[in-house]
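What follows is a single structure, written as structure tokens, with notes after it.
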Amino acid sequence: MKLRDPILYRILKAEHYRTGDRWKVYPMYDFAHPLSDYIEGVTHSLCSSEFIDNRAVYDWLVENLAGKCGLPEWPRPKQIEFGRRSLEYTVVSKRKLIQLVERGLVEGWDDPRLPTLAGLRRRGVRPQALIAFARKVGISRTDRTVDIALLEWAIRDDLNPIAPRVMAVTEPLKLVLTNYPEGELEELEAPYFPPDVGKPGSRRVPFGRELWVERADFALKPPKGWKRLVVGGHTRLRHAYVVRIDEAVTNDAGEVVELRGVYLPESLGKNPEGIKVKGAVHWVAAGPALAAEFRLYDRLFKVPFPDAGEGSFLDHYNPDSLKVLQGYVEPSVATDDPETRYQFERLGYFWRDPELGRGEKPVFNRIITLKDTWKKPKEQKPAAKPAKKAEPRREDKVAALAPEAREVYERCRHLGVGEAEALQIARDERLRTYLEDCSAYGPPSLAAPWVVHVLGKAIRSGEAGVEPQALMALLAELEKGAFDRSVAKRALEEALARGGDPLELARARAADRLSAEALDALVREVLAAHPEETASYRAGKRGLMGFFVGKVMRASAGRADPKQVQSMLSRHLENPIE
RNA sequence: UGGGGCAUCGUCUAAUGGCAGGACGGCGGACUCUGGAUCCGUUGGUCGUGGUUCGAAUCCACGUGCCCCAGCCA
């Protein structure tokens with residue numbers, strides 16, 4: 001990419017469908033992007049990682065055109081790339097989304113199942129939720145696929161404190177209370193928010209002889225732990241009375257078509273004595289309830305990574321990702337602001353679809369379900385990590401060397417260079433040459449670790465700014481004990497980065513070292529400031545040594561020998577009695 | 001194939017070479033007129049192998065895996 005000859009713009013003597021023949025020059029991305037950033041005074045140009053290659057062209061153009069051709073002279077913009085972020089159970093690339101739209105698998109770009117902004121907005125997700133989600137996901141240079149649970153958490157967390165609770169029944173089953181007078185209705189007061197949200201407000205909910213309850217809330221043969229309606233059992237109707245189910249009326253096919261039972265008149269606001277009430281279910285009164293449509297959205301794909309593996313992502317499309325149900329909602333919503341996001345108790349968060357749902361008959365989109373911690377179906381996520389291949393042994397690596405390289409290796413070993421260093425030197429021509437140059441001024445075994453580990457990268461790239469002679473002079477003084485190893489290393493790194501003579505830099509650092517007394521005082525100070533850590537070190541948590549050394553090093557502003565610090569520390573830590 | 005980039009709990013993300021921490025999820029418990037919320041606890045990780053270093057997620061080397069580019073697209 002970098003070597004190619006970039007096309008900056010093309011000249012087309014043709015009629016443009018919108019601008020006619022006004023322009024002949026059409027800039028390419030690589031030309032337009034840096035220049036428009038620069039002209040507009042952009043300081044940081046953020047983009048995703050597929051443009052990393054383009055940065056070379058970007059920088060070159062900005063650097064070479066700044067201040068020329070009538071362009072201003074001001075700070076250059078910097079392109080910074082981040083990794084792409086994807087989401088489980090969906091696709092996010094435009095190329096794939098368009099296929100869903102064009103094939104009619106979704107109802108348009110704003111289909112609430114899509115991860116588009118238009119889709120999320122129509123679904124009812126608020127910008128606050130997306131911002132919170134983005135913050136949680138964060139930015140890094142790695143391409144990542146985010147757990148869908150994180151988005152769901154952000155949406156719920158946003159809606160929980162603001163969504164008034166009301167009741168709706170999406171799959172109605174009639175419940176007749178045989179001891180409630182026919183034709184009568186009463187109104188019960190029900191708060192919009194539970195105590196933990198702590199917001200004021202309430203509405204009146206009609207209650208009568210015939211109610212709708214959720215079909216899924218009744219079981220003929222309840223599983224273990226069932227806390228809902230069951231024949232013979234007592235269950236709370238949310239915000240209302242406790243009822244007992246006496247009979248489940250079935251049709252010829254054996255399906256339950258109606259429940260019959262009684263309500264306990266004394267159970268409003270308190271639990272009846274001597275009766276075990278299991279759970280609470282939502283309901284609406286059959287007469288006054290408003291007919292409504294509920295659109296329940298599920299994951300667009302059946303698998304977490306529809307892109308992965310053989311075949312098309314379309315093979316994993318979830319045909320049940322939209323379920324349209326006809327049911328009832330309590331009448332109070334009729335007069336609410338149509339923008340209201342509700343929590344339909346025990347069902348999830350809903351709002352009226354802005355396209356279809358604001359008319360006579362309300363249509364509700366389910367924004368997100370409530371978190372369900374009961375009876376997990378528990379889909380297993382594949383966690384198996386692929387087995388790693390075994391690394392070849394060092395002898396085999398040496399054996400694989402070319403004859404000349406092997407000779408270099410053997411010679412290095414003979415001179416006392418370590419195995420790993422010898423191998424690296426044998427493999428790289430430049431390292432070998434550098435070390436040979438060093439050997440004119442001192443023993444190669446002394447130089448090898450420094451050449452390989454500290455200077456290695458620079459030498460390989462041909463930019464070693466430190467001469468062999470300078471390196472060897474430094475190491476000779478180090479051997480004599482003129483300063484400690486950490487001083488030498490810092491000095492060498494500094495010389496590498498900013499130039500200068502490493503020996504002089506090392507001497508300057510050595511002269512700046514703290515005296516033993518000053519250091520001892522510092523050590524005592526650090527230990528005194530961290531009594532807990534000191535105690536747990538003495539109790540056996542040896543890993544804390546690094547913590548203490550770090551603290552002392554920081555306090556000394558680098559003017560200490562870590563080895564000396566460590567020995568002082570262990571002396572004080574082993575002998576607590578001063 | 002060549003060039004470029006990236007690898008940390010199940011997931012996402014932190015950690016001037018100095019206690020691998022947080023969030024989501026999971027699990028357990030408390031509470032509850034929502035199997036919600038809240039609170040408490042817990043689980044679990046530095047891609048592999050060597051090397052340098054008092055000390056490595058971080059530096060060096062070699063591997064492995066994934067992504068991007070190789071349009072007169074963006």
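This structure is a prediction, so every number in the text was calculated from the model and none was measured. The chains referred to below are lettered A, B, ... by the order of the sequence lines, with proteins before strands, and numbering in each begins at 1.
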From the list [options], which nucleotide is the closest neighbour of the side chain of [X]?
X: A:Arg141; options: B:C6, B:C12, B:G35; answer: B:C6
X: A:Met553; options: B:C60, B:U16, B:G18; answer: B:G18
X: A:Phe547; options: B:G35, B:C19, B:C72; answer: B:C19
X: A:Trp153; options: B:C54, B:G50, B:C24; answer: B:C24
X: A:Arg10; options: B:C73, B:G35, B:G5; answer: B:C73
X: A:Pro194; options: B:U34, B:A61, B:G51; answer: B:U34
X: A:Ser140; options: B:U34, B:A14, B:G26; answer: B:A14
X: A:Glu533; options: B:G18, B:C19, B:A56; answer: B:C19

Self-check item: With A:Arg204, the side chain to side chain donor-acceptor pair (under 3.5 Å) member among A:Glu330, A:Glu186, A:Glu187
Solution: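 That would be A:Glu187; it is the only one of A:Glu330, A:Glu186, A:Glu187 passing the side chain to side chain donor-acceptor pair (under 3.5 Å) with A:Arg204.
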Quiz item: Which of these, A:Arg165, A:His282, A:Arg238, sits in a side chain to side chain donor-acceptor pair (under 3.5 Å) with A:Glu345?
Solution: A:Arg238
Over how many whole Å does the gap from [X] atom [atom1] to [N] atom [atom2] extend?
X: A:Leu475; N: B:U52; atom1: CG; atom2: P; result: 16 Å
X: A:His282; N: B:G35; atom1: NE2; atom2: P; result: 10 Å
X: A:Glu152; N: B:A37; atom1: CD; atom2: P; result: 12 Å
X: A:Phe193; N: B:A37; atom1: CZ; atom2: P; result: 16 Å

Verify the ring-centre separation between [Y] and [X]: is it less than 6.0 angstrom?
X: A:Phe344; Y: A:Tyr349; value: no
X: A:Tyr89; Y: A:Phe301; value: no
X: A:Tyr58; Y: A:Phe51; value: no
X: A:Phe133; Y: A:Trp153; value: no

Under 4.0 Å between any heavy atoms, over every strand shown, what does [X] touch: base, sugar-phosphate, or nothing? Just pick one.
X: A:Val549; result: base
X: A:Ala240; result: base
X: A:Lys227; result: base
X: A:Arg165; result: base
X: A:Arg85; result: sugar-phosphate
X: A:Ile139; result: sugar-phosphate
X: A:Gly418; result: nothing
X: A:Ser536; result: nothing
X: A:Phe51; result: base

Does the structure show a Watson-Crick or G-U wobble partner for [N], both distances under 3.5 Å? Name it, or say none.
N: B:G55; value: none
N: B:G63; value: B:C47
N: B:C33; value: none
N: B:G17; value: none
N: B:C72; value: none
N: B:G26; value: B:U42

Distance-only donor-acceptor test, [X] side-chain atoms vs [N] base atoms, 3.5 Å:
X: A:Gln343; N: B:U34; value: yes
X: A:Asp53; N: B:G3; value: yes
X: A:Asp143; N: B:G5; value: no
X: A:Glu50; N: B:C69; value: no
X: A:Arg156; N: B:G36; value: no

Exercise. Look at A:Lys371 and B:G26 and indicate whether a side-chain polar atom (N or O) is within less than 4.0 Å of OP1 or OP2.
Key: yes
Exercise. Verify whether one side chain among A:Arg85 and A:Ser140 offers a donor that lies under 3.5 Å from an acceptor in the other.
Key: yes
Self-check item: Separation between the C1' atoms of B:C12 and B:G17, rounded to whole Å
Solution: 26 Å
